[in-house]
Protein chains: 2
Amino acid sequence: MATQRGRNGKRNGKANPAEDEAVYEAILHALLEGKLKAGVKLAEPPLADIFGVSRERIRKVLHRLGAERRLEMIPNRGARVPRPTLDDVRSVYEAHRVLEAGVLTQLARLVDDALIDKLTAHLAEERAAATRGDRAASVRLSGAFHVHLVEALGNAELTRFLSDLLSRSSVMVSVYEPATDSICAVDEHGAIVDALRARDVSRAIAVSREHFLHVESRLHLDDDAVPANEDLASVFGAIKPKRRKR
Amino acid sequence: MATQRGRNGKRNGKANPAEDEAVYEAILHALLEGKLKAGVKLAEPPLADIFGVSRERIRKVLHRLGAERRLEMIPNRGARVPRPTLDDVRSVYEAHRVLEAGVLTQLARLVDDALIDKLTAHLAEERAAATRGDRAASVRLSGAFHVHLVEALGNAELTRFLSDLLSRSSVMVSVYEPATDSICAVDEHGAIVDALRARDVSRAIAVSREHFLHVESRLHLDDDAVPANEDLASVFGAIKPKRRKR
DNA sequence: CCTCCAAAAAATGTGCACATTTGCTTCGTG
DNA sequence: CACGAAGCAAATGTGCACATTTTTTGGAGG
């Protein structure tokens, strides 16, 4: 009885990669949605309880997120949602801006009608979302525009880096972005496409640069929007109601 | 008695982050040096034996390297040194080329005498290494030149990305780069500095582009240079001769 | 001699029982 | 009442014992 195993209905050494992935996705999603506020502590025991999995499962996911720099891991002190400084945010936006300058430079050699058509169609989607006031869709499509640009190069390394920057900025936006007025102006995206259509690289770069500087200028610290750590269970509420305490 | 602990002299739950780091560094170093050939299987038990640490220690390091895409992890089948295709290599070089175009565009606004002086001094080092025929130093300094460029922007995200690309290409070089003739020609680096000195962005970008295309054109598959997996113990030979078998 | 299949051997994956460390509360003293 | 030290509760880190999966081995049959 010392080594009692096989608690309740669960089997032991059974490999279940899908379960890892589910927990990873759940936490990442909460992070990207901005449900997990900056500075919140993510302790292993409560998370294991909430998701109904073993603590090492949680531990592995947490360390993975730490390796991706999505969580701040401190030895012997666990995981916290990082609290980016304004400089950190500027750094991400600037990186995006610099990268896109390079992308556009290269794109000038590859641009064809098919690409222009694709981007034009995307602009229509963006405008539709803006017109109907769908903020969530606008944010998503706004990011997708830049992804389309880099994807046109067909370079996996660059696409990965940009996606990483984008997801990182989307988290930061929840702290630093003014919730009132919105995302990338569609017109500025349109101006980039116009310049590409005219095969005018330097204009495309200039427009892109102005576009980013415009977005960056709107950033500001939103102190009151940090109500600190709320209950973890409510954040992951509808995921897996295994057992609750109290 | 069922739970016997504290085997031989070793302490159990003792935290020892330095040991993790040492193993990580050792394997990463072997990878960067090209001592671990593409396709080699990295099994946990032999590595644990070689480094004299527990298997989970090795396991953690292996998974971390997998998350960084330095090793190829296959569920239930362990870790292998990735076998990059020629397209993979081209992708890394192209990403570097595109990124540097963006970096130079931005750098044009920031370039000052101090930077020019720094780069000029670096060029002198490169020339010295080339003159004295020190190939190892030449490779290292050649990479450092590009790091200096991106570091001048003072953007941590961009610096990290470039460093990542550089370390990745240095691994690939061991498979695809002609060992006979060498690295970035110093003159091409000099031409970039000249263009920067003249504040001529488009020339700097053009030179940089040519520079990379030149390097990329020299890539070719070196089939015979893949003698497959040799003994792991010899690769990590002088690290930690704990115990040997056979 | 080759192919296919079963059984054994080896390697990977996971829960668990601790050891260790951290954080917090409480109590005593100036 | 402030301050610090000791003790206690909770969280993190690690080795180990299996369960599961993959790979190798060894024959039997064509």
Side-chain angles (χ1 to χ4, degrees), chain A residues 1-24 39-67 71-81 228-229 232 242 245-246, chain B residues 1-24 39-67 71-81 228-229 232 242 245-246:
Chain A
M1 310 321 185
T3 55
Q4 161 199 353
R5 61 198 173 290
R7 174 190 62 96
N8 67 24
K10 307 265 275 188
R11 46 272 193 278
N12 265 43
K14 170 71 170 303
N16 197 345
E19 216 166 57
D20 280 59
E21 203 58 21
V23 174
Y24 173 81
V40 171
K41 170 84 183 287
L42 291 179
E44 298 168 10
L47 287 174
D49 204 30
I50 288 170
F51 289 103
V53 302
S54 73
R55 189 165 69 84
E56 356 297 281
R57 204 68 77 102
I58 299 290
R59 151 174 289 268
K60 191 163 66 169
V61 170
L62 253 34
H63 279 267
R64 175 173 164 198
L65 287 164
L71 290 179
E72 190 178 356
M73 301 296 298
I74 307 177
N76 288 321
R77 299 185 45 179
R80 306 193 85 91
V81 179
N229 49 345
L232 277 185
K242 255 289 162 66
K245 279 185 179 179
R246 276 169 256 278
Chain B
M1 311 55 188
T3 55
Q4 159 199 352
R5 63 201 171 287
R7 178 188 60 96
N8 68 20
K10 305 263 276 187
R11 50 272 192 275
N12 265 44
K14 171 70 170 302
N16 197 345
E19 216 167 57
D20 280 60
E21 205 57 22
V23 174
Y24 173 80
V40 170
K41 170 86 184 287
L42 291 178
E44 299 168 10
L47 287 174
D49 204 29
I50 289 170
F51 288 103
V53 302
S54 73
R55 189 165 68 83
E56 358 297 276
R57 204 68 77 102
I58 299 290
R59 151 176 290 268
K60 192 163 66 167
V61 170
L62 253 35
H63 279 266
R64 176 174 164 197
L65 287 164
L71 290 179
E72 189 178 358
M73 301 296 298
I74 307 177
N76 288 321
R77 299 185 46 176
R80 305 193 87 91
V81 179
N229 49 345
L232 277 185
K242 255 293 164 63
K245 277 185 179 178
R246 275 169 253 278

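Chain A is the first sequence line, chain B the second, and so forth, proteins listed ahead of strands; every chain is numbered from 1. Both backbone and side-chain heavy atoms feed into the values below; hydrogens, waters and symmetry mates do not.
Figure legend: cation-pi geometry between B:R64 and B:Y24, with NZ or CZ positioned under 6.0 Å from the six-membered ring centre and within 45° of its axis.
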Atom pairs, protein N/O to nucleotides 6-9 of chain C N/O, distance under 3.5 Å:
none

Any protein N or O atoms within reach of nucleotides 10-12 of chain D? Criterion: under 3.5 Å, listing atom names and distances.
unit_1 : atom_1 : unit_2 : atom_2 : d
D:dT12 : OP2    : A:E44  : N      : 3.1

query = Going through the checks in order, is the side-chain contact (heavy atoms from CB on, under 4.5 Å) test met by B:K60 and B:E56?
reply = CA-CA 6 Å; B:K60 192 163 66 167; B:E56 358 297 276; over 6 Å; no
inquiry  = Between A:L65 and A:L42, is the side-chain contact (heavy atoms from CB on, under 4.5 Å) condition met? List the steps.
reply    = CA-CA 11 Å; A:L65 287 164; A:L42 291 179; over 6 Å; no
message = As a quick check of understanding, evaluate side-chain contact (heavy atoms from CB on, under 4.5 Å) for B:D20 and B:V53, giving each step before the final call.
response = CA-CA 9 Å; B:D20 280 60; B:V53 302; over 6 Å; no
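Distance, A:E19 CD to C:dG13 C1': 13 Å, rounded to whole Å. Summarising the geometry, the separation between CE on B:M73 and P on C:dA11 is reported as 15 Å, rounded to the nearest angstrom. Rounded to a whole Å, the CZ atom of B:R80 is 13 Å from the P atom of C:dA11. At whole-Å resolution of the value, CG in A:D20 and P in C:dG13 are 10 Å apart. Rounded to an integer number of Å, the gap from A:K60 NZ to C:dG13 P is 7 Å.
Note that CG of A:L232 is 11.0 Å distant from CG of A:D49, once rounded to the nearest 0.5 Å.
Within the 4.5 Å cutoff, the side chain of B:V61 has no heavy atoms near those of the B:L47 side chain.
Among C:dG13, C:dT14, C:dC16, the nucleotide with an atom closest to any side-chain atom of B:H63 is C:dG13.
Closest approach of A:A79 and A:L71 over heavy atoms only: CB-CD1, 4.2 Å.
The salt bridge (Lys or Arg N to Asp or Glu O under 4.0 Å) test applied to A:R55 returns A:E44, not counting sequence neighbours.
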